[in-house]
Structure formats: structure tokens, C-alpha cells
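As C-alpha cells, the structure follows; a few thoughts come after it.
Letters A, B, ... are given to chains in the order of the sequence lines, protein chains preceding strands, and every chain is numbered from 1. These numbers were taken from a predicted model, which means no experiment stands behind them.
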Amino acid sequence: MTNSVVRARFAPSPTGYLHIGGARTALFNWIFARQQGGDFVLRIEDTDSERSRPELIDVIFRALEWLGLDWDGTPVHQSERAHLYADAISQLLAQGDAYWCQCTPDEVKARAEERGGTPGYDGFCATKNLGPGDGRVVRFKVPDEGATSFTDIIRGDVTFENAVLEDFVIQRSNGTPMFHLANAVDDAEQNITHVIRGEDLINVTPKVLLLRNALGITTPLTFAHLPLIVNEKRQKLSKRRDDVSVGDYIDRGYLSEAMVNYLSTLGWGPSDGIEIRPLAEIVQMFRLEDVNKAGAFFDVKKLQHFNGEYIRNLSVPQFVTRSTRWLFDDTPWPAPNFDIAKFEVLAPLVQERVKLLSEVPSYVDFVFLDDPVIDEDAWNKVMVKNADLARDILPYALSVFADCEWNAHSIEVALFAYAEQNDIAKGKVQAPVRVSVTGRSVGPPLFESLEVLGRTEVLRRLTAAVERMG
RNA sequence: GCCCCCAUCGUCCAGCGGCCUAGGACGCCGGCCUUUCACGCCGGUAACACGGGUUCAAAUCCCGUUGGGGGUGCCA
């Protein structure tokens, strides 16, 4: 173990926010590294200056931090190590394993179409012995014969015939290296031992292997290509068409523990069938070789269920703390109206009802709003369709609430006396009071809510509701 | 087109030749609990893609078919 320390890496390209697929890749790398007592390092693959957006690098780091995936050492930025790639390219050129090419993309494409059949580069400049020059790229000379194989921990042996691989570009015409090249160089330079990434990259593996071979890199590198996370149409998650930014899930009130736990069940599952469990246990049980081969659908419904479980497992103070953001920013009520003491009373009741922290405000807004927001559907059902009952109950509530003791239990006894006297279901009796006071037909238990709101305000809202009924 | 990969309930996972009349979870549908809504509890629904082999025995191994996905960039 000492001389074979595992080093796994997550190598995002800062062309977008961290998305679900990237988060899962990072997570599996992290789990594997931690389980093996190895390192988990980061590498920013920003060789394409055209597409890279430096400001996103920090966003990605923060998303990883939110997920709790701590990394070892300082992240490497490919844009800062151009010399390493330049050296490798010079070596390849000197060895005759690469050559300069002056074909434009359009020319390559045109010839391919003319040729019919397989698209791709035809080796047009392979024997021209061109030197550097404006608009010229460097291409790697793929052997015409033979095959490149590797053993994938998840997929077993995978083989590509070299003949189907074109002479691919390793240095752009602007002088920057392509990612295959940077990849081969960096994995060696960073002593990476395991490459764990999405299956969409499996086909670039032979290219990287060919490059490593030509560069004389002999240190072993083990691959594990993870199944893709897919949408309802079973297609690879796309930043454009799918809702996959990790940041968006944070904003919607998902707990990172729930997200990480859920992600761990995509492509893998503990053999005892217990899905919801601490990350530490997952690290213990996880086996890279047990990861599935087939793509997994990202099921938000199931994620929500996990989230609800995690929320309910929080202590009440933790729940209050975690809800902070939704209590102070962008609230439906005027900020000065908020009273944390009142929220804390209702917190345990809200906690077992929400699946997302973002739902918290809608459960307590009536307490901090000057007037409740009336839900029209609820009003129609309870105050219009059942107006007769409401007209009996509201005056009754107004009178008993005026002088009963003001605590949840007494309020309940006072109101439900009506249910017993008139032999009406309690559910029917509480409805008009709930709608009058909270504006909604659903919410936390009514009597605790009334207690928190206070007698004066409850009476005022009840009166207002009677007037509104006309 | 060509290359690569994949295939167990609607979805995620378990299953690694006999313990499988296939198990768990989400969802969905019933029911119980109940002041609403949730929670919790009980029950139900529902799958080994198809066809050939191998074997005493196959969801599990092999081959083919079909279906799906990924790639095919001077993106990663």
C-alpha cells in the first residue's frame, strides 16, 4: 500500500456549472480514494481558452465543498502548465509520432464527404514533412495496424482497432494542447493511478493510451468508466435541455447529505438493500467493480424522498439552522415581521412535513404576514361551498376563543366542543378556522399555529373572514 | 454509415449457476392512524427483451437477434 498509493482525480472543464453527472463522477472518485486511503485530487481542464470561463472554477469548487467532497493538495490548472504539454508535443514530433498538418476543418470534412463512408481525417499531411506555421495543427500519428485494449474495472476488456482511429489533433492551430494530450501528460505527472469517469469518455481512452505509449509513460493506469446518468428519455444528461445544475438543487432546498446519498445509489447499491445511510458506511461498502454498466435515470421524486428523510432526521435546532436561508432571504413576509422564537415553536411541526427546505416559508408565512394570503381554491371549498357550516363555526370560534385559556390544548378543547355538541367531524370544524387564519386548507397542526399567532390576531382574522364572506 | 458500450418491476438497486413460485427502495393504488396536510404503520401493483446453446440445473455462462445509449470536433 505504501508504494501503490491510490490517486484518483476529478477533472472538470470550467465551461459550465457543476452538474449532476459531474457531481456523481466526483463523488465516486472521492468514495474510492477515501476507501483506499488514497488521494482525491482536482484538475481544471481549461486548455480551450475559447470555452473556458475562469469565473466558473470557483463555482465548481464551492459546489464540491457543498457536497462535502474534500480534495487533496492544490488543484492543478492545465492553462498554467503549457510548457509540459509543449515538451510532450516536441518529443512526439521529434520521434516521428506526430506531424504538422495544414488542413482546415472544412477541407478535412469536404474530403471525407467526397470519399464517402467514414468521416474523419485522412492522413493528408502525414508524409508532407511540414514544419510549424500559421494555422497549422499537430496531429498524432495513429498506427495503421494493431489494436489498443485496456481492462476497465467496470466493463472488462475493451478493444479498439487502431485502423478506426484517425490521426487526431494534439495541438490546436493557436498553439494550445488538446485535452487528450494534456490528459496523458497530467495523469502521469500527477501520479494518477485510477481514472474514474463517465462512459461518454470511453472512446477517447485508446487515444490517451496511444499517446502514453508514444511518450514512454509506463506507470500503470487503471480505468473505470461509470454508466451515464440519463434523463427520462434515457439520454445523457445535458446542461442545455435538462435541469441538472447542482447549484439549482442547493437553491431548491436539498440537503447535501441527501444529494450525495442519492447519487451513490445511481449505478451502485449496497447488497443489504439499505439505501439511506451515512456516507461513511457507503465508503466502507462501496466496490468499484460492483458498479453497474447500464445508464441510470436521475429520478427527482426519489431524491425528494431521500431529502425528506434527511430533513426529518435532523435535530430541531439543526433544522432551524439549515432553514435560515429560506427564513431571511427572499421571504414572502416583510423582514421585520419575522420572529425566530415563533418559528422555533412551529419548526418541529414543519420539519416532518417538508421534503424541501424551500417549502418551509409556505408553512409559516401566515405567522409573519400582516394578512394571510388567501388560497382561492381553499376558500371556495370551505367558505363558499360549505358556507352554512362556516357561518355557524366562525361566530362560535370567535366567542370561545375570546376568553378561553390561550394555549394549544385549551383552544382545541374549546373549538372541538362544537364538534361534539353538533356531532360533526373535527376535520370539518377546523377547516373554516384554518382557512380564515392561515389562508390555506393545509398546514401545520391548527391549534399550535393559533397559539403562536396570538389571540388578538386570531380574533382579528376570524372577524375579517366573516366580513369577507359577506 | 463506422466504432464502443449496455439490457431484472414505470424508476433505482439486490441477485455473481441450485437458497428465485426473483428481494428491497421510490412512485402509484388501497387501508389504518388522524383537527388539515404530512409522518408512521399494513397491504397491493409490477420485471429477468427475444431466440438459440452450455449444464443435472441459467435472471445468472456463451452466441445471435432486437432494442437503447455513447462517440464519431482545432469540446471535454
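For A/Phe179, the side-chain atoms get nearest to B/rA76 when compared with the rest of B/rA76, B/rU72, B/rG27. For A/Glu275, counting side-chain heavy atoms from C-beta on, the closest listed nucleotide (B/rC6, B/rA76, B/rG24) is B/rG24. Among B/rU72, B/rU36, B/rA76, the nucleotide with an atom closest to any side-chain atom of A/Gln430 is B/rU36. Set against B/rG73, B/rC37, B/rG40, the side chain of A/Arg312 has B/rG40 as its closest nucleotide. Checked against B/rG69, B/rC12, B/rU35, the side chain of A/Glu412 finds its nearest nucleotide in B/rU35. Of all nucleotides listed (B/rU35, B/rC12, B/rC37), B/rC12 comes nearest to the side chain of A/Phe297. For A/Ala294, counting side-chain heavy atoms from C-beta on, the closest listed nucleotide (B/rG27, B/rC16, B/rC6) is B/rC6. Of all nucleotides listed (B/rU36, B/rC12, B/rC3), B/rU36 comes nearest to the side chain of A/Val442. When the nucleotides B/rC75, B/rC26, B/rC4 are ranked by their closest atom to the side chain of A/Val158, B/rC4 comes out on top. The A/Lys302 side chain lies nearest to B/rA25 when the options are B/rA25, B/rU35, B/rC16.
Judged by distance alone, the side chain of A/Glu107 and the main-chain N or O of A/Thr104 form a donor-acceptor pair under 3.5 Å.
Within 4.0 Å (heavy atoms only), A/Tyr262 reaches no atom of the nucleic acid at all. Backbone-only engagement by A/Lys426 is indicated by non-hydrogen atom pairs under 4.0 Å involving sugar-phosphate atoms exclusively. Residue contacts shown for A/Pro206 are absent, as no nucleic acid heavy atom lies under 4.0 Å away. Residue-level contact check: A/Thr15 touches neither bases nor backbone, having no heavy atom under 4.0 Å from any strand. Residue contacts shown for A/Gly135 include a base, since a base heavy atom lies under 4.0 Å away. Residue contacts shown for A/Gly443 include a base, since a base heavy atom lies under 4.0 Å away. When heavy atoms are screened at a 4.0 angstrom cut-off, A/Val169 is found touching the sugar-phosphate backbone but no base atom.
Using modelled atom types and a 3.5 Å distance limit, the side chains of A/Tyr99 and A/Asp167 yield a donor-acceptor pair.
We find that A/Arg440 and A/Asp365 are joined by a salt bridge, their nearest charged nitrogen and carboxylate oxygen being less than 4.0 Å apart.
Comparing B/rA47 with B/rA7, their C1' atoms sit 12 Å apart, to the nearest whole Å. On the C1' atoms, B/rC62 is 35 Å away from B/rU45, given to the nearest whole Å. Rounded to the nearest Å, the gap between the C1' atom of B/rA38 and that of B/rG23 is 29 Å.
Residues A/Phe416 and A/Phe447 bring their aromatic ring centres within 6.0 Å. In this structure, A/His180 has its ring center under 6.0 Å from that of A/Phe168. Ring centers of A/Tyr254 and A/Tyr310: at least 6.0 Å apart, outside the cut-off.
The phosphate of B/rA76 (OP1 or OP2) has a side-chain N or O of A/Arg172 nearer than 4.0 angstrom. In this model, the phosphate group of B/rC12 is not approached by any side-chain N or O of A/Asn292 to a distance below 4.0 Å at OP1 or OP2. Within the structure, every side-chain polar atom (N or O) of A/Thr159 is placed at least 4.0 Å from both OP1 and OP2 of B/rC4.
Pair assignment for B/rC28: B/rG44, on the basis of Watson-Crick or G-U wobble contacts that are both within less than 3.5 Å.
Comparing A/Phe160 and A/Phe416, the nucleotide of RNA chain B nearest to each residue sits closer to the 5' end for A/Phe160.
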